Amino acid sequence: MTKMADNRSSVEIVEGCRLPVLRKNQEHEDEWPLAEILSVKEVSSRKLFYVHYIDFNKRLDEWVTGDRLDMKKLQFPKKEAKTPTKNGLPGSRPSSPEREVKRKVETVPLATQVPPATPVPSLPSSAEASQASVFPAVRETTTFKAREDHEQISSLTTNGTARRLIPPQPGRKRKANCGGTDEDSQDSSDGIPTAPRMTGSLVSDRSHDDIVTRMKNIECIELGRHRLKPWYFSPYPQELTALPILYLCEFCLKYLKSLKCLQRHLTKCNLRHPPGNEIYRKGTISFFEIDGRKNKTYSQNLCLLAKCFLDHKTLYYDTDPFLFYVMTEYDSKGFHIVGYFSKEKESTEDYNVACILTLPPYQRRGYGKLLIEFSYELSKVEGKTGTPEKPLSDLGLLSYRSYWSQTILEILMDLKPDNGERPQITINEISEITSVKKEDVISTLQYLNLINYYKGQYILTLSEDIVEGHERAMQKRHLRIDPKCLHFTPKDWSKRGKW
Ligand code: ACO
Ligand code: ZN
């Protein structure tokens, strides 16, 4: 057996080594991508290796046994290079999306992907456009003002602002092994210290990313009827990281160290829905608005849970500046959390979403786009345009791109001819109708490759392929927000003192 690292040969394997590692793939065939060893441990005199597959998203990192390492191709770490990343930051490593996702992402000239000061693919210059004389078969075409687009193009770079998260509140007095009394706080009554470890997890800058926060620390979370496998590090108290399962109350999100503790908690916990106001209900779907200042413990516990599935985020001690919109699905047992997004009460950068998450058991069923649609409905009520905080994750980008494309195509396809002429619409108008910020409208039009230049005008050309693809996608999009079911009055936070 050549592809083996038995206990003798694995002695040589240290952190930073690179070698092909067998990746067991449920959807495709097993493969041997290059991986980096991030940690080595011994369990029952058997060595285990924590590996990061170089060209894959960090959420696929895992502990593997020695028989999955291809020792023949072992590379030792170069002394000076501290796991450089693609963006040149030391001490971290590439957070590349899963390969199939990455391929798509790389082909997208989306403004939201562009780091600050990077030129953005622009609309065709008039010189190029004069050659673009082909006018493909169209079902409907619309034109928009060129001047505005150039104005927009010049401001298409985005700031790499990170997400915000908070660790739990400093500890309170220990009361008993399991039972606490104060349901509004994640106290230490469960035998769990509440102060987080002060590690590199509390900063957003990836250059401070340390070995601890690079590795998943929670094995499994039980939340109601679901068992969740975290993707990333989350700063739950260290004592809990050794547990095979961390138990969460699915309604107040309090974390407990055992099933017994959870059961005891449930006899006292009266919540059957998230705290805050229910501002939307249609069928079994509800949204609750939670003020990060008024419901601190809940908000903090929500962030700790969310961090398990969100990578590049700042851990923020203070939830006060945020509102949390939690989406639930109702059954006879209560309102079960499906996902959420957070939103700054005041954003100078027009952010209408800070972090967004669909819990893994509910993913890829349209809930992500439902959350996004809801965030834009809130912006519509506020009379503002909005954009998600950057950078977006790989899955965040896919979801937003899909939402923006469908939203814009819906509008373009509804346009009626103007006195027999081609219908006209401006970027501003699309942005006002949808509340999607202008930059995102432009990047989506570019991504969809709809923009042509013809006889001195920009023309949006909807090919049959685009139209048919859109119609097919919309037939599958069953989950939609019904604005009539939204009961939301925006507050002017600037007039409320310091939150
Ligand atoms: N692979 C490929 N495509 C995917 C995947 C995946 N794993 N997941 C979602 N998509 C695509 C879907 O195909 C769909 O596109 P389509 O309708 O055009 O086919 C689109 O993304 C949205 O799918 P939904 O089912 O509506 O979204 P979902 O409920 O899965 O939630 C979300 C998307 C919220 C991004 C989820 O993946 C998630 O929680 N990820 C972890 C946290 C995260 O990355 N959040 C975004 C960070 S950026 C920010 O917070 C501003
Ligand atoms: Zn509870």
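One-based numbering, in listed order, for ligands and for the atoms of each. Here the structure is a predicted model, which means the values were calculated and not measured. Both backbone and side-chain heavy atoms feed into the values below; hydrogens, waters and symmetry mates do not.
Against a heavy-atom cut-off of under 4.0 Å, R364 is close to the following atoms of ligand 1: 1 (N), 2 (C), 3 (N), 4 (C), 5 (C), 6 (C), 7 (N), 8 (N), 13 (O), 25 (O), 28 (P), 29 (O), 30 (O). Atoms of ligand 1 found under 4.0 Å from any heavy atom of S402, numbered from 1 in the order shown, are 15 (O), 16 (P), 17 (O), 18 (O). Here is the list of ligand 1 atoms found below 4.0 Å of a heavy atom in F309: 41 (C), 42 (C). Atom numbering of ligand 1 starts at 1 in the shown order; those under 4.0 Å from a heavy atom of G368 are 24 (P), 26 (O), 27 (O), 28 (P), 29 (O), 31 (O). The L392 neighbourhood of ligand 1 comprises atoms 48 (S), 51 (C), with distances under 4.0 Å to a heavy atom of that residue. Near G396, with a cut-off below 4.0 Å to any heavy atom, the atoms of ligand 1 are 35 (C), 46 (C). Distances below 4.0 Å separate heavy atoms of Y367 from the following atoms of ligand 1: 26 (O), 29 (O). Every atom of ligand 1 with a heavy atom of G366 under 4.0 Å away is listed here by number and element: 24 (P), 25 (O), 26 (O).
Salt-bridge formation is detected for the pair E410/R480: a Lys NZ or Arg NE/NH1/NH2 atom is positioned less than 4.0 Å from an Asp or Glu carboxylate oxygen. Salt-bridge formation is detected for the pair R214/E36: a Lys NZ or Arg NE/NH1/NH2 atom is positioned less than 4.0 Å from an Asp or Glu carboxylate oxygen.
Side-chain contact of E329 with Y367: a donor-acceptor pair under 3.5 Å is present, judged by distance alone. A donor-acceptor pair shorter than 3.5 Å cannot be found between the side chains of N352 and K343.
For F287 and F488, the gap between ring centers reaches or exceeds 6.0 Å. Ring centroid separation for the pair Y298 and F324 does not come in under the 6.0 Å cut-off.
Contacts with ligand 1 closer than 4.0 Å are made by backbone heavy atoms (N, CA, C, O) of R365 only, the side chain lying farther away. For E389, every heavy-atom contact with ligand 1 shorter than 4.0 Å involves the backbone, none the side chain. No part of Y403 comes within 4.0 Å of ligand 1, judged by heavy-atom distances. Counting heavy atoms under 4.0 Å from ligand 1, residue L310 touches it through the side chain alone.
In terms of polar-atom proximity, K369 is counted as a contact of ligand 1, with an N or O under 3.5 Å from an N or O of the ligand. Remark: ligand 1 and T358 share an N or O pair separated by less than 3.5 Å (distance only, no angle test).
Contact analysis leaves Y400 out of contact with ligand 1, as no non-hydrogen atom separation drops below 4.0 angstrom. Assignment of C355 to the shell around ligand 1 is supported, since a heavy atom sits closer than 4.0 Å. Assignment of A354 to the shell around ligand 1 is supported, since a heavy atom sits closer than 4.0 Å.
A salt bridge (charged side-chain N to carboxylate O under 4.0 Å, His left out) with R227 is found for exactly one of E219, E222, E250, namely E222.
Using cut-offs of 30° and 60° for the angle between ring planes, the F56 and Y53 rings count as perpendicular.
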